[in-house]
Amino acid sequence: QVQLVESGGGLVQAGGSLRLSCAASGRFVSLNAMGWYRQAPGKQRELVARILGDGRTNYADSVKGRFAISRDNAKNTVYLQMNSLKPEDTDVYYCNAEVLLDRLIYNYWGQGTQVTVSS
């Protein structure tokens, strides 16, 4: 089993910043892609940012230039630095990890962390 523990969500005013962290633990060979998704009530979960094991990244158009994803492979942790936050960034943010175990790739999700941006 793999556990993803998120932290760093909260309430911030528009224009402010937050940093999300997600630490992976458990039994696995390696972490491949890691990413952050967000979901509002009644809507589909959408990709915010994703980072591959080699450091390549991709972002949703709505966050390009404001958010930055990074990872510390030694700590099995992925971060999301969110700057210039807008009220429309308010959502529950979920960490995702693709894990290599027993020659198979498994997908794991964190429990979610609430980000609320006030206007």
Side-chain angles (χ1 to χ4, degrees):
Q1 280 289 348
V2 175
Q3 296 79 41
L4 300 178
V5 178
E6 300 147 340
S7 60
L11 173 64
V12 65
Q13 287 189 331
S17 298
L18 284 174
R19 189 191 193 209
L20 305 182
S21 300
C22 172
S25 62
R27 177 177 169 264
F28 52 87
V29 174
S30 65
L31 292 169
N32 295 345
M34 299 186 77
W36 290 94
Y37 293 70
R38 62 188 182 188
Q39 186 172 23
K43 293 188 176 181
Q44 283 193 327
R45 193 169 294 186
E46 63 176 15
L47 174 70
V48 177
R50 191 167 176 259
I51 183 167
L52 302 182
D54 60 7
R56 286 179 292 163
T57 59
N58 62 290
Y59 295 90
D61 288 343
S62 59
V63 306
K64 283 181 181 176
R66 300 188 298 122
F67 291 11
I69 189 170
S70 61
R71 62 192 287 170
D72 184 334
N73 291 329
K75 296 181 179 179
N76 294 325
T77 299
V78 63
Y79 305 96
L80 184 68
Q81 178 66 44
M82 304 185 293
N83 300 324
S84 301
L85 282 160
K86 305 175 181 180
E88 51 264 43
D89 294 318
T90 296
D91 267 326
V92 179
Y93 285 68
Y94 295 90
C95 175
N96 174 265
E98 293 177 3
V99 172
L100 175 63
L101 177 63
D102 297 331
R103 300 183 182 181
L104 295 176
I105 300 292
Y106 295 87
N107 220 348
Y108 287 92
W109 292 93
Q111 78 283 0
T113 184
Q114 177 70 46
V115 171
T116 303
V117 184
S118 63
S119 57

Task: Residues which pass side chain to side chain donor-acceptor pair (under 3.5 Å) with Asn58, listed by chain and number, not counting sequence neighbours - done: none
TODO: Any side-chain hydrogen bond (donor to acceptor under 3.5 Å, both in side chains) involving residues 7-18? Give me the pairs, sequence neighbours left out, ordered by first then second residue.
DONE: Ser17-Asn83
Task: Charged N-O contact under 4.0 Å between Arg45 and Asp91 - done: no
Task: Whichever hydrophobic residues join Leu11 through chains of side-chain contacts under 4.5 Å - done: none
Open item on the list: Which Ile, Leu, Val, Met, Phe, Trp or Tyr residues join Tyr94 in one cluster when any pair of side-chain heavy atoms under 4.5 Å counts as a link?
Closed with: Tyr37, Leu47, Val92, Trp109
Task: Ser62: side chain to side chain donor-acceptor pair (under 3.5 Å) partners, not counting sequence neighbours - done: Arg38
Task: Donor-acceptor pair, side chain of Asn32 and main chain of Gly53, under 3.5 angstrom - done: no
Open item on the list: Quick check on the hydrophobic clustering: are Ile105 and Leu4 connected, directly or via other members, by side-chain heavy-atom contacts under 4.5 Å?
Closed with: no
- [ ] Could you check if a side-chain atom of Leu85 sits within less than 4.5 angstrom of a side-chain atom of Leu18, using non-hydrogen atoms only?
- [x] yes
Open item on the list: Side chains of Asn73 and Leu31, heavy atoms from C-beta outward: is any pair under 4.5 Å?
Closed with: no
Task: Leu20 to Met82 - nearest heavy-atom pair and separation - done: CG-CE, 3.8 Å
Open item on the list: Once ring-ring contact (aromatic ring centres under 6.0 Å, His included) is applied, what residue pairs with a partner in residues 55-88 remain, sequence neighbours excluded?
Closed with: none
Open item on the list: The criterion is side chain to side chain donor-acceptor pair (under 3.5 Å); which residues satisfy it with Gln114, sequence neighbours excluded?
Closed with: Thr116
Open item on the list: Contact between Leu101 and Arg27 at the side-chain level, heavy atoms closer than 4.5 Å - yes or no?
Closed with: yes
- [ ] Using the disulfide bond (SG atoms under 2.5 Å apart) rule, collect all pairs that involve residues 81-119, keeping only residues at least two apart or in two chains.
- [x] Cys22-Cys95
TODO: Could you note down all residue pairs passing disulfide bond (SG atoms under 2.5 Å apart) where residues 27-78 supplies at least one of them, sequence neighbours left out?
DONE: none
Open item on the list: Under a 3.5 Å distance rule, please check whether Asp54 uses its side chain to pair with a backbone N or O of Arg56 as donor and acceptor.
Closed with: yes
- [ ] Taking side chain to side chain donor-acceptor pair (under 3.5 Å) as the test, write out the residues that go with Glu88, two or more places apart.
- [x] none
Open item on the list: Show me the pairs that pass salt bridge (charged side-chain N to carboxylate O under 4.0 Å, His left out) and involve residues 66-81, at least two apart or across chains.
Closed with: Arg66-Asp89
TODO: Please identify each residue that fulfils side-chain contact (heavy atoms from CB on, under 4.5 Å) with Arg103, with sequence neighbours left out.
DONE: none
